[in-house]
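Have a look at the structure below, then the notes.
Along the sequence shown, the residues carry numbers beginning at 1. Order of appearance sets the numbers: ligands from 1, and atoms from 1 within every ligand.
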Amino acid sequence: MKRTADVLVVGGGPAGSATAILLARAGLEVCLLEKSHFPREKPCGDYLNPGCVPLLERLGVLSLLEAECPQPIRGMRIEAPEGTVLMGTYPGNGIPPHGYSLPRYMFDTLLFEAARRAGVECHEGCRVMDLIWEGPRVTGVVADSEGQPQSFRASVTIGADGRNSAVARRLNLFSWHPSHRKVALVRRFQVAQDLGDLGEVYLGRAGYCILNPQGGGKVNIGVVVDQRDLPLHRAWEGVFCELLDAYPQVRVKLGDARPLNRLRVVGPLACRAERVAGDGFLLVGDAAGYYDPMTGQGVYQALKGAELAAEAVCKGVITREALGRYAVAYRREFASQDRVCRLLQQIVCRPRLCESVGRHLQNRGEHLLELMGVVGDLLPAHRLLRPGFWASLLVEGVPSLTRLIRCVR
Ligand SMILES: Cc1cc2nc3c(=O)[nH]c(=O)nc-3n(C[C@H](O)[C@H](O)[C@H](O)COP(=O)(O)OP(=O)(O)OC[C@H]3O[C@@H](n4cnc5c(N)ncnc54)[C@H](O)[C@@H]3O)c2cc1C
């Protein structure tokens, strides 16, 4: 077992495995450290948006994914609190693009094994506890490997260890989002009927519920709620049932559903890293910051971020400037997406505004298609930030929307 490599990647989720694959293919010695053993569960909606598809193809794993028979997801059915329904498909020429739904224990294992096959030295059961420094530069990590402390050294350490990243914490760059404090409860079920090929989003008065069909009557259900609205007087199973009662349409679909896995509760969800690169390190995926699962773009950001990280690291000598360029590229790629996410969150937590926007999009098919293109990562996010997109709503006099757009721009 080698203790030095060109690059250390901490975390074997989509961001870490994808980064490791790309770097190993570029001829670098890569060591991937993962605290769990695969296959492992990851609380998630299990949805891979259409933007992920070309990224998975470039990684060389799309055919492996398709061999697992994932459920194609062809669009979204979105129901606003007062019942306005939007049926959105993804924009494309000819056959509309689609995403996939596949349990994360399968998807993440597939990627991690692909990294191993690409020549990455993979360590499971290896939890990174601390960083090694030479002056101001990060030169490696200390990990607990099956109860034994071990040091690993490299020219670059990549933190891909998800929300609540140990690497970002050790760098003193981590913080929870001060005001967006959501908690998610997620579980997969077997229901009596097949639920088709649309993801379903139910916007409620105090959060939202997402159904993600997985084929053969299997479905992933997630309820997201503000931390302050959690009914804390009961066990989590009871809390989940109580939260689901706010979505009678979902209750009907569930019927006598049989749970397929343990209920997972995660929160707070939103966190950020003050910087995504510095002397000897960079952060990718959720470790670089996460906001909210509503638009289902987390895996896309992890895979796209991996491409940016690999590009920065492969460009020869890893100077501070090269890592700085990664930070700039990262911001350029994701800043508008982040603003769109925050804008949509501001809209969905205002039920009346949400209804107005829903009715507006019902009447403007081209705008709904554009929204789907942006959240599906097929169109650039800044298209939803141009005033023209919201113009007719603004003309209709929804002043709070004007304020919201201004505050996220
Ligand atoms: C409730 C919920 C639902 C979501 N639904 C969706 C969805 O449907 N679609 C979507 O695209 N996104 C969704 N997301 C977001 C998505 O899950 C993440 O954005 C995505 O998993 C990020 O990938 P990652 O590789 O950065 O992090 P992760 O997937 O979290 O992977 C991090 C890895 O690092 C490992 N690790 C952590 N700490 C250490 C350590 N100290 N040492 C070694 N290893 C470590 C972990 O075990 C894990 O394997 C959802 C998120 C939540 C919370």
Side-chain angles (χ1 to χ4, degrees), residues 8-20 31-52 55 73 76 99-105 107-109 111-112 122-131 141-145 152 157-170 182-187 199 201 208-212 214 220-225 263-271 273 283-306 309 334 341 375-377:
L8 288 176
V9 180
V10 181
S17 292
T19 308
C31 192
L32 177 57
L33 311 176
E34 164 58 46
K35 69 176 180 188
S36 311
H37 290 269
F38 287 94
R40 58 105 179 87
E41 286 276 5
K42 154 84 176 91
C44 183
D46 296 341
Y47 160 65
L48 305 173
N49 78 9
C52 293
L55 296 172
I73 298 292
M76 291 286 161
Y100 282 116
S101 168
L102 183 75
R104 282 290 297 273
Y105 72 87
F107 177 64
D108 290 17
T109 305
L111 272 182
F112 192 78
C122 295
H123 297 258
E124 293 173 72
C126 187
R127 177 192 289 268
V128 167
M129 312 294 286
D130 214 340
L131 301 177
V141 302
V142 180
D144 176 337
S145 184
F152 296 83
T157 298
I158 298 183
D161 48 342
R163 285 171 38 256
N164 208 358
S165 157
V167 175
R169 280 181 182 278
R170 295 297 173 273
K182 303 274 179 182
V183 175
L185 295 87
V186 193
R187 194 169 211 181
V201 182
Y208 59 90
C209 174
I210 299 189
L211 257 73
N212 196 14
Q214 310 212 291
N220 177 308
I221 298 195
V223 184
V224 177
V225 65
L263 173 68
R264 306 294 296 260
V265 182
V266 271
L269 301 177
C271 60
L283 302 173
V284 68
D286 285 3
Y290 186 68
Y291 193 63
D292 192 278
M294 191 181 73
T295 57
Q297 294 174 279
V299 174
Y300 172 86
Q301 293 200 358
L303 300 177
K304 184 67 199 171
F334 297 124
C341 271
V375 299
D377 285 305

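- The line from OH of Y47 to CD of Q214 is 13.0 Å long, rounded to the nearest 0.5 Å.
- Here A160 has backbone heavy atoms under 4.0 Å from ligand 1, and that is the only part of it that gets that close.
- In this model, a donor atom of one side chain and an acceptor atom of the other lie less than 3.5 Å apart for N49 and D377.
- The proximity of V224 to ligand 1, defined as any non-hydrogen pair under 4.0 Å, does not occur for either the backbone or the side chain.
- Ranking the protein heavy atoms by distance from atom 5 (N) of ligand 1 puts G45 N, 2.8 Å first.
- Here the shortest heavy-atom pairing between A306 and A18 reads CB-CB, 3.6 Å.
- Heavy-atom proximity to R40, at under 4.0 Å, picks out these atoms of ligand 1: 48 (C), 49 (O).
- The residue from Y47, F107, F112, F38 that puts a heavy atom closest to atom 10 (C) of ligand 1 is Y47.
- How far NZ of K182 is from OH of Y208: 7.0 Å, rounded to the nearest 0.5 Å.
- The number of heavy atoms from other shown groups lying within 6.0 Å of CZ (R169) is above 12.
- If you check which protein heavy atom lies closest to atom 30 (O) of ligand 1, you get K42 CE, 3.3 Å.
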What do the steps show when you test V299 against R104 for side-chain contact (heavy atoms from CB on, under 4.5 Å), and what is the final call? CA-CA 10 Å; V299 174; R104 282 290 297 273; 3.9 Å; yes
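- Note that OG1 of T295 and CD1 of I210 are 8.5 Å apart. Values are rounded to the nearest 0.5 Å.
- Here the heavy atom of the protein found nearest to atom 15 (C) of ligand 1 is Y290 OH, 3.2 Å.
- Every atom of ligand 1 is numbered from 1 in the order shown, and the set under 4.0 Å from a heavy atom of L269 is 53 (C).
- Residue contacts with ligand 1, taken as heavy atom pairs separated by less than 4.0 Å, involve A184 solely via side-chain atoms from C-beta onward.
- Considering backbone and side-chain N/O atoms, D108 never comes within less than 3.5 Å of an N/O atom of ligand 1.
- Among all protein heavy atoms, the one lying closest to atom 31 (O) of ligand 1 is G13 CA, 3.5 Å.
- One finds the NZ atom of K42 at 12.0 Å from the CZ atom of F107 (value rounded to the nearest 0.5 Å).
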Could you walk me through whether L269 and V224 satisfy the side-chain contact (heavy atoms from CB on, under 4.5 Å) test, starting with their C-alpha distance in whole Å, then the side-chain angles of each, then the deciding distance to 0.1 Å, before giving a yes or no? CA-CA 10 Å; L269 301 177; V224 177; 4.3 Å; yes
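- At a 4.0 Å heavy-atom cut-off, ligand 1 does not touch N212 at all.
- The contact set between ligand 1 and L33, taken as ligand atoms under 4.0 Å from a residue heavy atom, comprises 43 (C), 44 (N).
- Not one N or O of R163 is nearer than 3.5 Å to an N or O of ligand 1, by distance alone.
- Considering only non-hydrogen protein atoms, atom 11 (O) of ligand 1 sits nearest to V299 N, 2.8 Å.
- Contacts with ligand 1 closer than 4.0 Å are made by heavy atoms of both the backbone and the side chain of C44.
- Among A288, G125, G51, P14, the residue whose heavy atom lies closest to atom 23 (O) of ligand 1 is P14.
- Of all heavy-atom pairs between E124 and F38, the closest is OE1-N, 2.7 Å.
- In this comparison of G99, G162, G11, the heavy atom closest to atom 27 (O) of ligand 1 sits on G162.
- Residues meeting the ring pair (Phe, Tyr, Trp, His ring centres under 6.0 Å) test with Y291, sequence neighbours left out: H177, H180.
- Of all protein heavy atoms, the one closest to atom 19 (O) of ligand 1 is D286 OD1, 2.7 Å.
- Distances from ligand 1 to the non-hydrogen atoms of S36 include at least one value under 4.0 Å.
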Determine whether N220 and D46 satisfy the following criterion, side chain to side chain donor-acceptor pair (under 3.5 Å), listing intermediate values before the conclusion. CA-CA 7 Å; N220 177 308; D46 296 341; 2.8 Å; yes
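- Atoms of ligand 1 found under 4.0 Å from any heavy atom of A302, numbered from 1 in the order shown, are 23 (O).
- Nearest heavy atom pair, residue E34 against residue G13, reads OE1-N, 4.2 Å.
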Checking C209 against I221 for the side-chain contact (heavy atoms from CB on, under 4.5 Å) test, could you report, in this order, the C-alpha distance in whole Å, the side-chain angles of both residues, the deciding distance, and whether it holds? CA-CA 7 Å; C209 174; I221 298 195; 4.1 Å; yes
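- The nearest heavy-atom contact from the protein to atom 35 (C) of ligand 1 is E34 OE1, 3.1 Å.
- Contact annotation: for A15 versus ligand 1, heavy atoms closer than 4.0 Å belong to both the backbone and the side chain.
- Within the 4.0 Å heavy-atom cutoff, R104 counts among the residues contacting ligand 1.
- Looking at V128 against ligand 1, both its backbone and its side chain come within 4.0 Å, counting heavy atoms.
- For the pair R127 and ligand 1, the shortest N or O to N or O distance does not fall below 3.5 Å.
- The heavy-atom pair separating T157 from V10 by the smallest distance is CG2-CG2, 4.2 Å.
- The ring pair (Phe, Tyr, Trp, His ring centres under 6.0 Å) test applied to Y100 returns H98, not counting sequence neighbours.
- Within the listing of ligand 1, atoms 8 (O) sit less than 4.0 angstrom from a heavy atom of D46.
- Taking SG of C126 as the start and CZ of F152 as the end, the distance is 4.0 Å to the nearest 0.5 Å.
- For a threshold of 3.5 Å applied to N or O pairs, the pair formed by V186 and ligand 1 contains no separation below that value.
- For ligand 1 and G285, the ligand atoms under 4.0 Å from any heavy atom of the residue are 26 (O).
- We find the CG-CE distance between N212 and M76 to be 6.5 Å, quoted to the nearest 0.5 Å.
- Looking only at protein heavy atoms, the nearest one to atom 38 (N) of ligand 1 is D161 CB, 3.6 Å.
- Across all their heavy atoms, F112 and S17 have their closest contact at CA-OG, 3.5 Å.
- Between G298 and ligand 1, a contact under 3.5 Å exists for at least one N or O pair.
- The shortest non-hydrogen separation linking A287 to S165 is CB-CB, 3.6 Å.
- For ligand 1, the atoms sitting less than 4.0 Å from at least one non-hydrogen atom of A166 are 41 (N), numbered in the order shown with element in parentheses.
- Annotation: A287 places no N or O atom under 3.5 Å from an N or O atom of ligand 1; distance criterion only.
- Here C126 has backbone heavy atoms under 4.0 Å from ligand 1, and that is the only part of it that gets that close.
- Under a 4.0 angstrom heavy-atom cut-off, M129 registers as lying outside contact with ligand 1.
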